**Q** 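First the structure, then my questions, so here it is.
Positions are given from 1 along the sequence. Treat the numbers as computed from the prediction; the structure is a model and nothing was measured.
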Amino acid sequence: MITNKLHIFVLVLASLLMGCQVEENVSTRRSLRSKVVVATMGASLMYDGNGWVEKACEQLNLECLNKAVSGETTKHFAQKLWKNEYANDNELMAIDILLIQFANCKDVCGNDSMLLPDADDYTANYREFSDNLFTEYSYAQQMDYILKKWHELCEANNRPVHIIFVTHWHDGREKYNESVRRLAERWGADVCELDKNIGFTKDEPLPDGRQPSLLYAVDTETINGELFGWHPLRGEEGTYIQSVMAEILKEKLVEYIARNKIK
């Protein structure tokens with residue numbers, strides 16, 4: 001009888017301690033910031049040299065944690081997550097929404113048959129001499145690791161997963177844009193559709209036959225044999241196009257935050 005009572009006492013105590021830990025995590029997170037925090041994963045189209053993410057967040061009084069790095073792809077951020085180098089503990093505890101835009105890649109979704117069951121499966125064959133373990137994987141597999149690892153981190157910190165994928169800034173990169181939409185369906189995430197709301201489309205070229213994205217770009221790229229704008233103008237020259245992207249993101253964030261009751 002005494003043994004049974006002791007066992008019950010231990011279970012109750014463990015339950016109370018677990019409840020205190022959850023409450024402590026929530027309390028700690030609230031003390032880290034007073035605003036909704038939006039973090040990013042991406043490359044040159046999203047990094048802070050552009051300003052559209054920051055502008056949208058500023059207008060909504062949100063805190064922007066822009067972690068995008070020009071020239072980096074899914075393999076770099078997969079590596080950072082694996083090595084706990086994407087963000088420090090305080091930042092991870094504070095992040096409410098993760099924006100992902102890797103438009104420098106192609107198909108980031110792939111099919112289920114090529115994906116591994118768990119995040120740890122991707123790192124099981126780590127070799128010390130490898131500069132980046134994820135180089136041997138496809139964009140889709142690298143992204144799959146990122147998403148599975150992010151879900152693990154959110155679960156460990158007792159917070160919901162809020163992810164918004166962002167398309168390329170125009171509809172010329174069809175393969176990438178459609179792959180993030182499929183990813184969103186697979187993971188129950190959302191999509192900020194810059195390509196559908198930017199104000200022009202590849203299907204309606206300029207009177208001289210050129211693509212309209214060329215009017216707002218600092219450089220060009222060829223997709224399926226046709227010339228498109230690559231990186232949008234920045235600084236004073238890019239005020240218009242950067243503002244359009246900021247407005248599209250702002251509207252998506254307003255809707256997403258309200259629907260998910262993020263505070």
**Q** For H231 and W169, I'd like to know if the aromatic rings sit close, meaning centre-to-centre distance below 6.0 Å.
**A**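 Not under 6.0 Å, so no.
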**Q** Hey, are E72 and K80 close enough for a salt bridge, meaning a charged N less than 4.0 Å from a carboxylate O?
**A**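 Salt bridge flag = yes for K80 with E72.
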**Q** With a sphere of 6.0 Å drawn around CG of N224, does it hold more than 12 non-hydrogen atoms of other residues, nucleotides or ligands?
**A**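 Atom CG in N224 is not crowded, with 12 or fewer foreign heavy atoms closer than 6.0 Å.
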**Q** Indicate whether the side chain of T201 and that of D171 have a donor and an acceptor atom separated by less than 3.5 Å.
**A**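 Result is yes, a qualifying pair exists.
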**Q** Using a strict 4.0 Å threshold on nitrogen-to-oxygen distance, state whether E226 and K202 make a salt bridge.
**A**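 No, no charged N to carboxylate O under 4.0 Å.
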**Q** Assign the ring pair H170 / H168 to parallel, tilted or perpendicular, where the plane angle (0 to 90°) is split at 30° and 60°.
**A**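 H170 and H168: perpendicular rings.
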**Q** If you define the side chain from C-beta out and look only at heavy atoms, does anything of L183 sit under 4.5 Å from V191?
**A**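 The answer is no, as the side chains (C-beta and beyond) never meet within the 4.5 Å cut-off.
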**Q** When you measure from the side chain of Q211 to the backbone N and O of P205, does any donor-acceptor pair fall under 3.5 Å?
**A**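 No; zero donor-acceptor contacts below 3.5 Å.
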**Q** Please check if the distance between the ring centroids of F102 and F77 is under 6.0 Å.
**A**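 Ring-ring flag for F102/F77: true, centres closer than 6.0 Å.
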**Q** Can a salt bridge be assigned to the pair R259 and E255 using a cut-off of 4.0 Å between side-chain N and carboxylate O?
**A**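 Result for this pair is yes, salt bridge flagged.
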**Q** So does E155 have more than 12 non-hydrogen atoms from other groups sitting under 6.0 Å from CD?
**A**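 No.
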**Q** For Y122 together with F134, are the ring centres under 6.0 Å from each other?
**A**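 No: the rings miss the under 6.0 Å criterion.
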**Q** Examine distances only and state if a side-chain atom of H76 and a backbone atom of T73 form a donor-acceptor pair shorter than 3.5 Å.
**A**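 Here the side-chain-to-backbone pair exists.
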**Q** Given side chains that start at C-beta, do those of L147 and I100 come closer than 4.5 Å, heavy atoms only?
**A**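 Touching, per the 4.5 Å side-chain cut-off.
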**Q** Are Y47 and W52 grouped together when hydrophobic residues (ILVMFWY) are joined by side-chain heavy atoms under 4.5 angstrom apart?
**A**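 Different clusters.
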**Q** Which heavy atom in P232 sits nearest to a heavy atom in M245, and how many Å separate them?
**A**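 For P232 versus M245, the nearest heavy atoms are CG-CE, 3.9 Å.
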**Q** Taking everything shown except W230 itself, do over 12 heavy atoms lie less than 6.0 Å from its CH2?
**A**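 Check fails, neighbour count at 12 or below.
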**Q** Aromatic rings Y216 and F200: how do their planes relate, parallel, tilted or perpendicular, breaks at 30° and 60°?
**A**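 Because their plane-to-plane angle is under 30°, the rings of Y216 and F200 count as parallel.
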**Q** For residues S243 and K55, is any side-chain donor paired with an opposing acceptor at under 3.5 Å?
**A**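 Yes, K55 and S243 have a side-chain donor paired with an acceptor closer than 3.5 Å.
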**Q** Is any NZ, NE, NH1 or NH2 atom of the basic residue among R181 and D190 found under 4.0 Å from an Asp or Glu carboxylate oxygen of the other?
**A**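 D190 and R181: not salt-bridged.
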**Q** Looking only at heavy atoms, which two atoms of T220 and L214 are closest? And how far apart?
**A**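 Between these two residues, the closest heavy atoms are CG2-CD2, 3.6 Å.
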**Q** Under a 4.5 Å side-chain heavy-atom rule over Ile, Leu, Val, Met, Phe, Trp and Tyr, are I223 and I198 clustered together?
**A**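 Each belongs to a different hydrophobic cluster.
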